[in-house]
Structure formats: C-alpha cells, structure tokens
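For reference, the structure is listed below as structure tokens.
In this text, all values refer to a predicted model and were calculated from it rather than measured experimentally.
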Amino acid sequence: MWRATDETLLAGFAVGDAGAAETFVARFQRRVYGVALTITRDARLAEDLAQEAFVRAWRHAETFDPRRGGVGTWLTVITRNLAIDAMRTQPRSEFVDPDELEWLLPPASEPDPAETTVRSNDADWLRRALVDVPDEQRRAVVLAGVLGFTAQEVAERERIPIGTAKSRIRLAMSKLRRARAETEATR
C-alpha cells in the first residue's frame, strides 16, 4: 500500500478500504497535525483538528480535483481552513509568528517528483520575491494570505490602524503580482 499514489489512497479511503485508510492517515498525519499545531499552538486542539481534517477528507473525497493540486496540498488546505476557523472562534492570547511558517512547506520525501519540483520552484520564487517586499508588508501579506487573517485581524496583530493594514496587504500583493509577471515574461 505504501507505493500507492496519493490519489489511489484517497479513493480507497473514500470507499472505506481499511488498508488504504490506514496508509493514507499514516502518510499525511504529521503534515496535518503540524499545520494545525503551527496555526493554533494548542496540541489538544491540533489533534482534534487533524482528526476532523481526515473526516472531512473522507466525506468530501469526491471534491478532490487533481488538476488543482496534489492530495497533500488539498488536505493541507482543509486543515488550514479548519485551524483558522477554530482560531476565529476562540480568543487569541498568542499568535503564530509568520516567520515560523516553515512547517507549512511540503516534506522533503514527497512521492511525486513533478509536483515536488513545481511546489519547490513556487516556494523558492515566493521566498525570493518576498525578500524585495518591506518587512511590514511581508508580515501583513503572510498573515492575510497564508494564515487567512482578515485586514482587521492583521491590524490588531500588528497594532496598526486598519487602513494601514489594508495598504500593506495591497502593496505587498501588488509587488508580488509584478514580480510574478516579470518572471513569466522571462520564461
């Protein structure tokens, strides 16, 4: 079963194949838990969210579209959204530092070399592009774009007016779009 593709495991998981389910969970449990823990910083909550992420993957396996990304990415997005929703319903006493988001990078042992290459190239490109974005704008766009914070939440986190938060996010996104357009033009 370990040699099965992620898509095959997801299909087996969806129809209740115990072997596929066990392998699927084993393959992704560290990533799912790591994403939840990174965002929530609460081990118990992260465990609950990881379990809920797998339940949602099982219930909604038919919505997976391989044209939009890999199974690992799809499952990471499910987990991220659950964690963000959980954080929004709880008072925030401690926030995740955007600089600690290395946990969200895919593991080095990704089974699909083509997906790994594309993801690695995109991550490398984003890291290089963010170097040219001023620190305050970089933090705002990472909080909004990766963690899903609203502009109001970015403002509260950074202790700045909401208009300033919106401007920082907009300016950073504009710089990233220009950098992406320049990269595409040189290909």
What pairs of donor and acceptor atoms, side-chain ones from residues 162-176 against any protein atom, are under 3.5 angstrom apart with sequence neighbours left out?
from	atom 1	to	atom 2	distance (Å)
Ser167	OG	Gly163	O	3.0
Ser174	OG	Arg178	NH1	3.0
Lys175	NZ	Gln137	OE1	3.0

Look at the aromatic rings of Phe24 and Phe54 and report parallel, tilted or perpendicular, splitting at 30° and 60°.
-> perpendicular

State, to 0.1 Å, how close [X] and [Y] come at their nearest heavy-atom pair, and which atoms those are.
{"X": "Gly72", "Y": "Phe28", "answer": "CA-CE2, 3.5 Å"}
{"X": "Leu130", "Y": "Val142", "answer": "CD1-CG2, 4.4 Å"}
{"X": "Ala83", "Y": "Ala36", "answer": "CB-CA, 4.3 Å"}
{"X": "Thr5", "Y": "Thr8", "answer": "OG1-OG1, 2.7 Å"}
{"X": "Ala61", "Y": "Ala14", "answer": "CB-CB, 3.4 Å"}

Residue list, ring-ring contact (aromatic ring centres under 6.0 Å, His included) with Phe64, at least two apart or on another chain | Trp74

Is it the case that Gln152 and Glu156 place a side-chain donor and acceptor less than 3.5 Å from each other?
->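 Distance-only check passes for Gln152 and Glu156.
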
Do Glu153 side-chain atoms and Thr150 backbone N/O form a donor-acceptor pair below 3.5 Å?
-> yes

Not counting sequence neighbours, list each pair that qualifies as a salt bridge (charged side-chain N to carboxylate O under 4.0 Å, His left out) and has a residue in residues 53-64.
-> Glu52-Arg56

How about Leu143 and Arg157: do any of their side-chain heavy atoms sit closer than 4.5 Å?
-> yes

